[in-house]
Amino acid sequence: MCGRYFLTTPGAVLAEAFGLDAMPELAPRWNVAPSQRVPIVRAAGGGGRELALVRWGLVPFWAKEAAIGNRLINARAESLAEKPAFRDSYRKRRCLVPADGFFEWQKVGAGKQPWLLRLRGGGVFGMAGLWSSWRDPASGEPLESCAIVTTAPNELAATVHDRMPVLLPRALHAAWLAPAASPSELAPLLAPFPADGMEAFPVSKLVNNPARDEPACIEPA
DNA sequence: CCAGACGTTGTT
DNA sequence: GTCTGG
DNA sequence: CCAGACGTTGTT
DNA sequence: GTCTGG
């Protein structure tokens, strides 16, 4: 799955890597947790792409309360076309979630060991995501939110965990974001990223605590 | 018809 | 909003 | 994902 | 054990 990640690439590099219309101001993040505001890349008017800050944890448009989003932080690639919580977003509101890597927890005896996974040699990439626009029926407050799509693990990730996020190489960004894409065009994009293009290493349990957002979270332990 | 769910992960 | 279960 | 809370009444 | 918050 993907319940924690990091994004330290500067806004200027991000704008180039994702073809953004404008350059965003972004502080580096070493420990991004669900419920926080995260940057996503989505199609904008005029065929461009924009960066938006939305809450991680998708709140479907029909939800009565925002709390449902606390548990919808991931969407299974195998079923997102059918699930009521995701299918509408899958059809009309796909996005990329920029990251430099993500964390997975490996069961070790009674405890857990956090691992960092990223592209071999590092570098920013896009995770497949869905977003939603919701308005609180009680207060009228609008809220935009997102979920990260997960798939089966490749051979590397499988040594740590049984799910991983969908990583989209730059060549596939346009296909995933295309507003008129059909299910048959989208489904093949949701495959596990090749293991030989990635690397993984254990990190400090410092990352367990969402309050510890610091460089040590991504150093080998 | 109305009521209630709508999700993933991990653990048992 | 839409589907399933009663 | 993990960490931390998990409750009511009455009084200040 | 389960839910909420980050």
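First the proteins, then the strands, lettered A, B, ... as listed; each starts at 1. Hydrogens, waters and symmetry mates play no part in the numbers below; they use all other heavy atoms, side chains included.
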Check your understanding: Among the nucleotides dG1(C), dC1(D), dT8(B), which one has an atom lying closest to any side-chain atom of Arg4(A)?
Key -> dC1(D)
Practice item. For this output row, return yes or no: ring centroids of Tyr5(A) and Trp56(A) closer than 6.0 angstrom. Key: yes
Review point. When all nucleic acid strands are considered with a 4.0 Å heavy-atom cut-off, which category describes Ile73(A): base, sugar-phosphate, or nothing?
Key: base
Exercise for review: May I ask you to say what Phe61(A) touches in the nucleic acid, namely base, sugar-phosphate or nothing, with a heavy-atom cut-off under 4.0 Å?
Suggested key: sugar-phosphate
Review point. Is Trp105(A) linked to Met127(A) within one hydrophobic cluster, defined over Ile, Leu, Val, Met, Phe, Trp and Tyr using a side-chain heavy-atom separation of less than 4.5 Å?
Key: no
Review point. Among dT4(E), dT8(B), dT2(C), which nucleotide sits nearest the side chain of Arg87(A)?
Key: dT2(C)
**Study point:** Residues touching DNA chain D, which here means a heavy atom under 4.0 Å, drawn from residues 105-118 of chain A
**Key:** Trp105(A), Lys112(A)
Point to revise | Gln36(A) CD to dA3(D) C1', straight-line distance once rounded to whole Å | key: 13 Å
Check your understanding: Which part of the nucleic acid, if any, lies within reach of Asp88(A) when heavy atoms closer than 4.0 Å are counted: base, sugar-phosphate only, or nothing?
Key -> nothing
Check your understanding: Out of curiosity, does Leu168(A) fall in the hydrophobic cluster containing Phe86(A) (side-chain heavy atoms, cut-off under 4.5 Å, transitive links)?
Key -> yes
Review point. Between dA3(D), dG5(E), dC6(B), which nucleotide has the shortest distance from any of its atoms to the side chain of Ala85(A)?
Key: dC6(B)
Check your understanding: dC6(D) and dC6(B): how far apart are their C1' atoms, nearest whole angstrom?
Key -> 26 Å
Point to revise | N or O in side chain of Ser35(A) less than 4.0 angstrom from dC1(D) OP1/OP2 | key: no
Practice item. Using a cut-off of strictly less than 4.0 Å, decide whether Arg163(A) has a side-chain nitrogen or oxygen near OP1 or OP2 of dT9(B). Key: yes
Check your understanding: Would you say Arg76(A) reaches dT9(B)'s phosphate, i.e. side-chain N/O to OP1/OP2 under 4.0 Å?
Key -> yes
Practice item. Could you work out the separation of dT8(B) and dC1(D) based on their C1' atoms and round it to a whole Å? Key: 11 Å
Point to revise | Integer angstrom distance from the C1' of dT2(E) to that of dT9(D) | key: 25 Å
Practice item. Flag the pair Phe103(A) / Phe6(A) as yes when their ring centroid distance falls below 6.0 Å, and as no otherwise. Key: yes
Check your understanding: Where the side chain of Ser79(A) is defined as all heavy atoms beyond and including C-beta, which of dG6(E), dT8(B), dC6(B) is the nearest nucleotide?
Key -> dT8(B)
Check your understanding: Would you call Asp21(A) and Arg49(A) a salt bridge, using N to O less than 4.0 angstrom?
Key -> no
Exercise for review: For nucleotides dA5(B) and dT4(E), find the distance between their P atoms and express it as a whole number of Å.
Suggested key: 14 Å
Review point. Among dT8(B), dG1(C), dA3(D), which nucleotide sits nearest the side chain of Asn208(A)?
Key: dA3(D)
Check your understanding: Any chance CD of Glu65(A) has more than 12 other-residue heavy atoms, nucleotides or ligands included, within less than 6.0 Å?
Key -> no
**Study point:** Base-pairing assignment for dC1(B) (Watson-Crick or G-U wobble, both under 3.5 Å)
**Key:** dG6(C)
Practice item. Indicate whether Phe103(A) forms a stack on dC1(D); treat it as stacked only if centroid distance is below 5.5 angstrom and interplanar angle below 30 degrees. Key: no
**Study point:** Span that lies between the P atom of dA3(D) and that of dT11(B), in whole angstrom
**Key:** 13 Å
Review point. So which nucleotide does dG7(D) pair with, by the Watson-Crick or G-U wobble rule with both distances under 3.5 Å?
Key: none
Check your understanding: Honestly curious: do Trp30(A) and Leu119(A) fall in one hydrophobic cluster under the side-chain, below-4.5 Å linking rule?
Key -> no
